[in-house]
Every structure is written in structure tokens, then in C-alpha cells.
Amino acid sequence: MESMIRGAAQINQQLSRYGVKFGIYKNGVFNERLFPFDAIPRTIGGTEWAKLEKGLSQRVDALNAFLKDIYGSKKTILKDGVIPEDFIYRATGYLPQCEGFTPPKGIYSHISGIDLVESVDGDWVILEDNLRVPSGASYPLIARTLCRKVSPSTFRNNRVVDNRDYGELLKRTLDHVNRGGINLIMTPGRFNAAYFEHSLLAEMSGAVLAEAGDLVVEDNVLYYLSGAEKQRVGSIYRRISDDYLDPLYFNAESLIGVPNLLSAYRAGNVAILNAPGNGIADDKGIYYFVPEMVRYYLGEEPILHNAPTYLPFYEKDRKYVLEKAHTLVIKDVAEAGGYGVLFGNALSKEKLDELKARIEAEPRRFIAQEVVEFKDMPMVIEGETVERKADFRAYVLSGKKTVVWKSGLTRFTADPDSYIVNSSQGGGFKDTWVMC
Amino acid sequence: MKWYTFHYDVFLDFDAPVSDHQFLLRCLPKTCGRQRVVRAELTLRPYVRHEELTDGFGNLVQTGNIPFGHTSFHYTSEGEVFISPKNATKEALNPVYAYPSELTRPCGSLAALLADVPEGASVLEAALAIAHRVHAALAYEPGITDLSTTAEDALAAGVGVCQDFTHVFLALCRLRGIPARYCNGLLVGEGVSHAWAEVYDGGVWRGVDPTHDCAVGGNYLLFSVGRDYTDCPIERGVFFGQGGQTQSVAAKLKEIRAADMQQ
């Protein structure tokens, strides 16, 4: 492993050559920056992984059942009072355009990115579910490939599960719901920060990489235009958000969407991965209810736990949150990507009072969580080994079976005092080794 | 129950040829609520095929594309329907209609309009009282508001068209706790399409027209419903081309009387 750590600079140089970047908005300006790689991997032992795998599959199965229920005609989880209606119909992620239709094979979230942290007691705690367009799988993929080149001996001496099967897993997921035709990955274009990832995933899964201009809907069937030829598309893994997907149903100004794509989808002629409307299941307010979903839909106890979370919507919780606001993390459910996350202990008295007043005025908009003390991880910065907070994104693929990719993205903060580990907020990444 | 013919013609004219024109229409009625469709047909010029499906709000949607260059798009929806003045068809409520939408967000000035709507009123009484207040608060004046005007903005301007009257009405009903939805369609005596609202009253949708300050009777034909205008426009399109477009509309909903038949 020493040789790999020594080779880190070389690996980072390669990453920048490949265009492995991350795009961030800061003060309203869009910037791309390199996503620095740290060579010390996160390692997860076989027994520990088995438990994670079970817990993650269980969670994603429950989330899929929830989406099917909410967009279906029954909506039993609302009728049974497990989730208050307000949390669905006031959430921005809920799309009524997706009512009255079940996607192919009833799967909504095909590729889920579940964010966890390892607490100081060694428990894995779920921080967030990402069921819309979870990115980042390409980072550990490319990093592993480069590490193998720089230091082949590391992988001879350590029993690391090969992670290069991601393309195959993705292909199987696309094939499972394919409605006849090719598999395709749709990118907003080469100026998108994740274009590198889109092209890598297309190559690895054998799918065609296309932009909106390469696609056309005719008679409610989606076609890929390659030269004079038209190829029918059976599965589309779209890497653009719902709002931009189809200007005839959603944002009319969208230039990166395909008009009538939703018509082709609702006609049953193409599978869209992930399904439009999934945003309701990874809403920050809905997060609170996921353990209940596991019990409700699967009749099982959740294997993995949420961070202790309070909903000011409930009076009992509101009292606690207002009392303990200075010790809690408070999140605005309408914001994503690490924005709208406030640490009570870092706020001045005025700011804290202001926040409390907002919680009282609009309790449904907020959730509050206990600060999870998560493990620091070692990393090398300018030749020194230092400790930083890191989280972990696991990729769960739902096809014929629900499987967890035996790798994942470990992200760390650059700022030694920060707990927010989100690529949008700076920081870098590590490889994740699952050991056999 | 009365028997009607309907005819809805829209001409879109482009200054310069456009192509790759993807369209989505909601201009055919379906059997629901107060109406029974006898016959409903869509004709398109240029002649192209179209597909039909149901959208998330339960509306019939006609889709298609015109790949080649064209300078006009003309669609005609035409047929016969039976309409009864009262709706007795029970329907489950999609809870989404109880919540604010983008164009019907509540605000202080909207809430103030609700102040003297009687507390003990039935759903329909309350809805009619709200329609009356909306009618008093807005003057009918075309050309000032547009398709993206919110209920709040229309109320502040004090003017609008049927769409704005309906948005203000919907915002108020939802604030009051009455589920309500936006309606597009035709009205006897109107030469263009019309917008009104429906409120959910014990399992049945009842029509209220805030623009005309009245309950909806047998002379309204429904094409589409949604939370607000954005969900269910009669026509939406995307095409390649430059230059402007003009639209002209001819709508007619007319009762067929026994006397007419004998002639």
C-alpha cells in the first residue's frame, strides 16, 4: 500500500487528465474543480459488508415499495396514517404528472446512492437517500484502475473484491426493464461536470451515450438517431433532473430534454431510469419515515438506522427541537446538496432565535438531527497523515434482484472542523475496498 | 341531460417554416362527471398521425410530431356530447388538489379575501361566496396578465382573464380547506376556450365559474383538469424555427334541440 500512497500524486495527475472533475455552485457562480483523490482506502471487512448489504437492500426495497404505493391508486401508507399527507403533497419532489402509471416491472429507483457514516461506536448510520440521479460511481472505478497500474503489488497483497463489475451490474439493471430496443445513457452534454462519468458508464455497460439532440419521439416510441439510421430505445438512463426531462410536461424552457419522452414512457414503450418523480422518496422530510416504511411494507425491522431525527411538524418533537436547537443539526427540507444545513452550535444567539422563529412558523419545512459523532479517517495532505471526517455512498441497483455494488464512494472534508461531507461543499474522495 | 355539438378550431401560423414540431394536445373531452361523449374526433393539418394516452391528472392527451417544415399547424376537435347540469358521478379525491400549486400559492392579501366567507357554509355555498369575492376583486381585462401570472400577482393587479379569476379562486378554496381544481374547456356562447374551477364536495366535483360568478350548469364542456393552468394546457408544442407565431381560435358549443333535428 506504501507504493500506492507514494503514487497518489501520479494518480491525481491522471485523474485531471481524464477530466474527473466536480462542478459546484458557489455564490451563484458555477465552477469546476478537480476532485482530489486520497490513496488510503476505506476498507470494509466481509462480515461488516454482509450486514451493510442486507440493510441497504432492505432500505431500497422499502423505498421502491413506497414510490409504487404513493404514485399508485391505493396510497395505503397515507390512508393508514403512517405518513401525513402534507409530507407528500407539499414536497417539491412529488410530481403529480407521474400518477396513474406504473413503470416497467414496478421499479422506480433502479440506481440508488445511499449515504452513510460510521459512528465512533462502529455503527453505520444512514444520512441520506439519493434516488434521483445519484452520481459518483465513476470516481472509485477510475481510481481503482489507476491504483492497480501504479501499484499492482497492493492488489496482490490485499484481498480486495474487484469493483470493475459495475458496468455489468448497470447493464443487467437496464436490460431487466428494457421495453425493446437499445440501452442508452442520456447526458446533458460534454459541458456537464459529470460528463466524464456519463461516458465511462456508457462504455462500461455497453450503452449508447446520447444528448437530447440525438433523440426523437415518434408515435410515442423513443428513437436514437445515428446518422440516417433510427434505433429504438428500450431503456434510458437519464442523467438530467426531472424538471428538464420533457419540456411538454415539465419546465417548458428546457433545451436539454426530449419533448414527448414522458408520453413514450407513459405509453409503456421505454423505461426511464431512475423513474421521474422519485424525488419524493429522498426528500429530507420523508427520510424520517423510511424506518417506518421498512416495517410497513416489508414487515421487517430496519437493519440500518437513521441518525436520531425529529420532525418539528409533531408537537412533541417541536418542543424538543426548540429547546435543544443549539445542539442539533437543522435542515431545510427544500434544499439539497449540503445547502440549508445548519449546525445549532455554530449559530449566534440572534441567528438561532431567527431559526427557531422560522421553525415555529413553518414546522413542516424542517427536520432536526442529533449530531452524529462519526469516525475520522486518515489521509495524506502534503506528505502528512491527518484525520478528517468522511462519509460513504453505497450504490444499490434494483433489477431482478436488489444488489449492492461491492465498492462505493468515500468522500472526505477538506476542512478539519466540518461535518458536511458533500462533493458540492469541497473535499475529496477515497477508494472503498470491500475485503473478501 | 342535453345534447350538444362542439367544434374547436385552432390555427397556429408561423412567420417562417418550423420543423421537428412535437405537440401535445388536451382538446378532446372524455366521459366523466357531467358529460357523456357520443363522438369526439381530432383532425390535424398538416396530416400527421397522433397517439392518445392519459396523463397524470386523468386527462386524455393527444401527442405527435411533424418532422418536416411547415408554416401552419391547424387542429380541430369536434363531436357530440350529452351534458347534464348536475354532476352525480362519485370520484376518489387525488389529495394533490387540496394543496397549493406554483400559480396558486397563498399569501396575506389572498387570505384577507376569505375573511367574511361564512363559517358554517356548505362546500358549494362557500365556493360560490368565494367566487363572488373573486369576481368583485378582479376586473376582466385581457392583455395585462400572461400564462405565468400567479394568483397573488393577479390579485395585486386587480385585473385578469378567466385563467386569473380561476387561479385566485383555487388559491382561496385551498386556503379554506376545500380541494379544488383548474378546468379547461368550452362554454356555450364563447368563441374561445374557457377556464373555470371545480370544488370537491362529498365525493363529487362541482363546477364554479368565478369569471361569470356562477355555478357551472349544463352548458360547459370539460377538456382537461389540473392543479393550475401549467398542468393541463390545451396545447403545448416545441419546434425548431425562428420568427413569431400567431394563433386564432374558433370555438363553438351548441345545443342540439329536437326542433333542429326535424328540419
Side-chain angles (χ1 to χ4, degrees), chain A residues 70-75 78-79 83-92 94-102 212-213 215-223 225 230 243 246-269 276-277 280 362 364, chain B residues 18-26 48-68 91-102 104-106 146-148 174 177 179 181-182 224-240:
Chain A
I70 281 301
Y71 285 115
S73 58
K74 297 206 180 81
K75 308 181 198 312
L78 301 182
K79 291 195 180 119
I83 300 178
E85 238 181 54
D86 270 56
F87 282 86
I88 308 296
Y89 300 106
R90 286 189 200 278
T92 49
Y94 166 76
L95 296 180
Q97 291 88 343
C98 301
E99 289 276 340
F101 166 76
T102 308
L215 298 166
V216 67
V217 174
E218 275 174 21
D219 307 325
N220 284 348
V221 175
L222 178 68
Y223 292 98
L225 306 170
K230 267 192 335 194
D243 200 27
D246 181 341
L248 295 180
Y249 286 90
F250 304 115
N251 186 347
E253 307 293 315
S254 173
L255 297 174
I256 53 171
V258 181
N260 272 325
L261 175 56
L262 205 70
S263 302
Y265 172 63
R266 289 189 67 97
N269 293 331
I280 186 56
E362 278 188 280
R364 198 211 65 84
Chain B
V18 302
S19 64
D20 299 295
H21 183 164
Q22 290 278 348
F23 59 85
L24 186 157
L25 307 171
R26 294 181 182 89
V48 286
R49 288 190 303 271
H50 71 270
E51 300 284 321
E52 188 165 80
L53 54 101
T54 305
D55 72 10
F57 302 94
N59 302 309
L60 291 181
V61 170
Q62 301 82 38
T63 61
N65 80 317
I66 311 168
F68 48 86
E91 213 181 298
L93 175 68
N94 177 347
V96 75
Y97 295 121
Y99 292 87
S101 65
E102 205 56 40
T104 62
R105 296 235 169 272
D146 64 24
L147 299 178
S148 61
R174 291 170 187 162
R181 64 186 187 184
Y182 189 95
S224 65
V225 298
R227 290 167 303 174
D228 60 33
Y229 168 80
T230 333
D231 286 338
C232 55
I234 293 180
E235 189 256 337
R236 233 161 128 165
V238 172
F239 45 78
F240 283 114

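Values below: all heavy atoms of this structure, side chains included; hydrogens, waters and symmetry mates excluded. Residue numbers begin at 1 in each chain, while the letters A, B, ... track the order of the sequences. Fair warning: this is a prediction, and the values are worked out from it, not measured in the lab.
- The heavy-atom pair separating T54(B) from R266(A) by the smallest distance is O-NE, 3.0 Å.
- One finds the OG atom of S263(A) at 10.5 Å from the CD atom of Q62(B) (value rounded to the nearest 0.5 Å).
- A 4.5 Å side-chain heavy-atom check between N65(B) and N260(A) finds every atom pair outside the cut-off.
- With rounding to the nearest 0.5 angstrom, the OG1 atom of T92(A) is 10.0 Å from the CD atom of E102(B).
- When heavy atoms are compared at a cutoff of 4.5 Å, T230(B) does not approach chain A at all.
- With rounding to the nearest 0.5 Å, the separation of CZ in R236(B) from CG in L248(A) is 6.5 Å.
- Environment of NZ in K74(A): sparse, with no more than 12 heavy atoms of neighbouring residues, nucleotides or ligands closer than 6.0 Å.
- Looking at Y71(A), neither its backbone nor its side chain comes within 4.5 Å of chain B, counting heavy atoms on both sides.
- Of the listed residues A252(A), P259(A), A267(A), G100(A), the one with more heavy-atom pairs under 4.5 angstrom with chain B than any other is P259(A).
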Original post:
Given D55(B) and E99(A), is the side chain to side chain contact (heavy atoms under 4.5 Å, CB included) satisfied, shown in steps?
Top reply: CA-CA 8 Å; D55(B) 72 10; E99(A) 289 276 340; over 6 Å; no
**OP:** Just do the side chain to side chain contact (heavy atoms under 4.5 Å, CB included) check on Y99(B) and D86(A) with the steps written out, would you?
**Re:** CA-CA 8 Å; Y99(B) 292 87; D86(A) 270 56; 3.0 Å; yes
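- Heavy-atom neighbours of L255(A) CG from other residues, nucleotides or ligands within 6.0 Å: at or below the threshold of 12.
- Looking at N94(B), the atoms closer than 4.5 Å to chain A (heavy atoms on both sides) all sit in the side chain, from C-beta outward.
- When heavy atoms are compared at a cutoff of 4.5 Å, V61(B) approaches chain A solely by way of its side chain, counted from C-beta outward.
- Counting heavy atoms from C-beta outward, L53(B) and F101(A) have side chains that stay 4.5 Å or more apart.
- No donor-acceptor distance shorter than 3.5 angstrom exists from the side chain of R49(B) to the backbone of E218(A), with no hydrogens or angles considered.
- With rounding to the nearest 0.5 angstrom, the CG atom of D246(A) is 8.0 Å from the CG atom of L24(B).
- Between R227(B) and P96(A) there is a side-chain heavy-atom pair separated by less than 4.5 Å.
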